[in-house]
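Naming: A, B, ... by sequence-line order, numbering from 1 per chain. Worth knowing before you read on, the calculation uses all heavy atoms, side chains too, and leaves out hydrogens, waters and symmetry mates.
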Number of protein chains: 2
Amino acid sequence: MDLEARLADPVLDPQRHAEHPEELRLWLRLLTCAQLVEKNLRARLRGEFDTTLPRFDLMAQLERRPEGMKMSDLSRRMMVSGGNVTGITDQLVAEGLVERAAVDGDRRAYSVRLTAKGREVFDAMARAHENWIVQAFDGLSPREQKTLHGLLGKVKQANRAEPVIPKQNA
Amino acid sequence: MDLEARLADPVLDPQRHAEHPEELRLWLRLLTCAQLVEKNLRARLRGEFDTTLPRFDLMAQLERRPEGMKMSDLSRRMMVSGGNVTGITDQLVAEGLVERAAVDGDRRAYSVRLTAKGREVFDAMARAHENWIVQAFDGLSPREQKTLHGLLGKVKQANRAEPVIPKQNA
DNA sequence: TATTGTTATACTCTATAACTATA
DNA sequence: TATAGTTATAGAGTATAACAATA
């Protein structure tokens, strides 16, 4: 997970082992960029809003659903297991940012919604978040950003739904 | 950490909220690509070699240091705390891939080295790893790879050593 | 029976701090 | 005192599985 580890990594660092293909350099750099930005986001969410990425993500889900979302919806949308959604939601409820409301017609389910305070807090976070991201890419011209977006699109395409390797031993 | 969460994220997904700047789309895609590839690497290291990324990274460090590295060196190079290096090393020792040798002149320190078996295993892993990475980028021509590498270089430049936000509350 | 959600547990990866042995 | 390494503990972030209540 650590960037500089790979920077110093003989297998991954082409400065030291020129025989390794360019792809390794490219991968290293891609990973470094993503980690740099993500670490920054986490640190700032923590430092400025005392929150975490999953909590931010959950609130982002709710922001556009004033009517609320069920726990199962959140689980699907966030691609996270149900137990985790319960935990994240519990934290947000404790902070008064989110509330569980009864769903009529199904007494098993809750509708999770932002509270008024939650909406307020989220708006501030989302504005800051947007600025951080804009900053992160301000080294690129709009033209370059577009090119980068396109190239990453191809990478994404080639890598999505990659076949999971069946375990050979276990 | 989850890719599709952000895909479905109203704040981050420009398909839904066109008023959000292109940078958010770009960030989302960058993150998705990095996670796709990294998840794949982890799954394959696990599935084919029953190992983890930190274990692989530590062995990669040792591969080019036949004379061995001290725990403190590993800690610095991997950018990970000393306690963690102890844990990772313990696992590798238990597997017979790595050994702690006495350092003469300092009885506090160890020299950690790959065993013969460790070298063998690592060679196989490194070859496979290289192939996985080459595969990950085979959707791009060499020309495109070079362009991507260059653009990511600019992003990296603009984001490295970003000032850490001083905590405001705590 | 199937589904919704919670609880319990565990695993990976990381950090800090207290501690031991040596320098 | 300072350094090398270990141990203990904690905290994100994730997963699975057993369970309760309801459908």
Novice: Between protein and nucleotides 16-23 of chain D, map the contacts as a letter string: B base, S sugar-phosphate only, - none, heavy atoms under 4.0 Å, written 5' to 3'.
Specialist: B----BBS
Novice: I want to check something: taking the side chain as every heavy atom from C-beta on, are B:E63 and B:R119 in contact at a cut-off of under 4.5 Å?
Specialist: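 A side-chain contact under 4.5 Å is absent here.
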Novice: By the 4.0 Å heavy-atom rule, please label B:S75 as base, sugar-phosphate, or nothing.
Specialist: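 No contact at all - B:S75 keeps every heavy atom at 4.0 Å or more from the nucleic acid.
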Novice: Contact between A:L24 and B:E130 at the side-chain level, heavy atoms closer than 4.5 Å - yes or no?
Specialist: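 Yes - at least one pair of side-chain heavy atoms lies under 4.5 Å apart.
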Novice: Are B:F56 and B:F49 close enough that their ring centers fall under 6.0 Å?
Specialist: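 When the ring centroids of B:F56 and B:F49 are compared, they turn out to be at least 6.0 Å apart.
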Novice: To the nearest Å, give me how far apart CG (B:D104) and C1' (C:dA23) are.
Specialist: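 The distance from CG of B:D104 to C1' of C:dA23 comes to 15 Å, rounded to the nearest Å.
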Novice: Rounded to the nearest angstrom, tell me the gap between atom CD in A:E38 and atom P in C:dC13.
Specialist: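 That distance rounds to 15 Å.
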Novice: Answer with base, sugar-phosphate or nothing: what part of the nucleic acid does B:R55 contact at a heavy-atom distance below 4.0 Å?
Specialist: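 If one applies the 4.0 Å heavy-atom cut-off, B:R55 turns out to touch nothing in the nucleic acid.
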Novice: Rounded to whole Å, please give me the gap between CZ in B:R42 and P in D:dG13.
Specialist: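 Between P of D:dG13 and CZ of B:R42: 14 Å.
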Novice: Just the rounded figure in Å: distance from P of D:dA4 to NZ of B:K70.
Specialist: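 Nearest whole value for this atom pair: 5 Å.
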Novice: Side chains of A:R127 and A:N131: do they bring a donor and an acceptor to under 3.5 Å?
Specialist: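 No pair is found: no donor N or O on one side chain lies under 3.5 Å from an acceptor on the other.
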Novice: Give the residues of residues 86-94 of chain B touching DNA chain C, defined as any heavy atom closer than 4.0 Å, sorted by residue number.
Specialist: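 Per residue number, the list is empty: none.
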Novice: By side chain to side chain donor-acceptor pair (under 3.5 Å), which residues pair with B:K146, not counting sequence neighbours?
Specialist: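 With neighbours one apart ignored, the set is empty.
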Novice: Check the distance between D:dG5's C1' and B:E99's CD and give it to me in whole angstrom.
Specialist: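 Taking CD of B:E99 and C1' of D:dG5, I get 18 Å after rounding.
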Novice: Indicate whether OP1 or OP2 belonging to D:dG5 is found under 4.0 Å from a side-chain N or O atom of B:S72.
Specialist: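 Checking B:S72 against D:dG5: at least one side-chain N or O falls below 4.0 Å of OP1 or OP2.
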Novice: Return the value, rounded to whole Å, for the distance between atom NZ of B:K39 and atom P of C:dC13.
Specialist: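 The answer, rounded to whole Å, is 14 Å.
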Novice: For A:E38 versus A:R42, what's the shortest heavy-atom pair and its separation?
Specialist: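 It is OE2-NH2, 2.7 Å.
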Novice: Flag the pair A:E144 and B:K154 as a salt bridge only when some basic side-chain nitrogen lies within less than 4.0 angstrom of an acidic carboxylate oxygen.
Specialist: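 Looking at B:K154 together with A:E144, the answer is yes, because their closest N to O distance falls below 4.0 Å.
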Novice: Quick one: A:Q35 CD to D:dA12 P, roughly how many Å, whole number?
Specialist: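 Interatomic distance, CD of A:Q35 to P of D:dA12: 20 Å.
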Novice: Would you check if the side chain of A:R107 reaches a backbone N or O of A:A102 as a donor-acceptor pair within less than 3.5 Å?
Specialist: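 Judged by distance alone, no pair lies under 3.5 Å.
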Novice: Of all the nucleotides listed (C:dG5, D:dG5, C:dA15), which has the minimum atom distance to the side chain of B:A109?
Specialist: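 Minimum distance to the B:A109 side chain belongs to D:dG5.
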Novice: Do any side-chain nitrogens or oxygens of A:R100 fall under 4.0 Å of OP1 or OP2 in C:dT6?
Specialist: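 It does, given that an N or O in the side chain of A:R100 lies less than 4.0 Å from OP1 or OP2 of C:dT6.
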Novice: Is a donor on one side and an acceptor on the other found under 3.5 Å between the side chain of B:Q35 and the backbone of B:T32?
Specialist: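 No, B:Q35 side chain to B:T32 backbone: no donor-acceptor pair under 3.5 Å.
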Novice: From CZ of A:R46 over to P of D:dG11, roughly how many Å is that when rounded to an integer?
Specialist: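 In whole Å, D:dG11 P and A:R46 CZ are 11 Å from each other.
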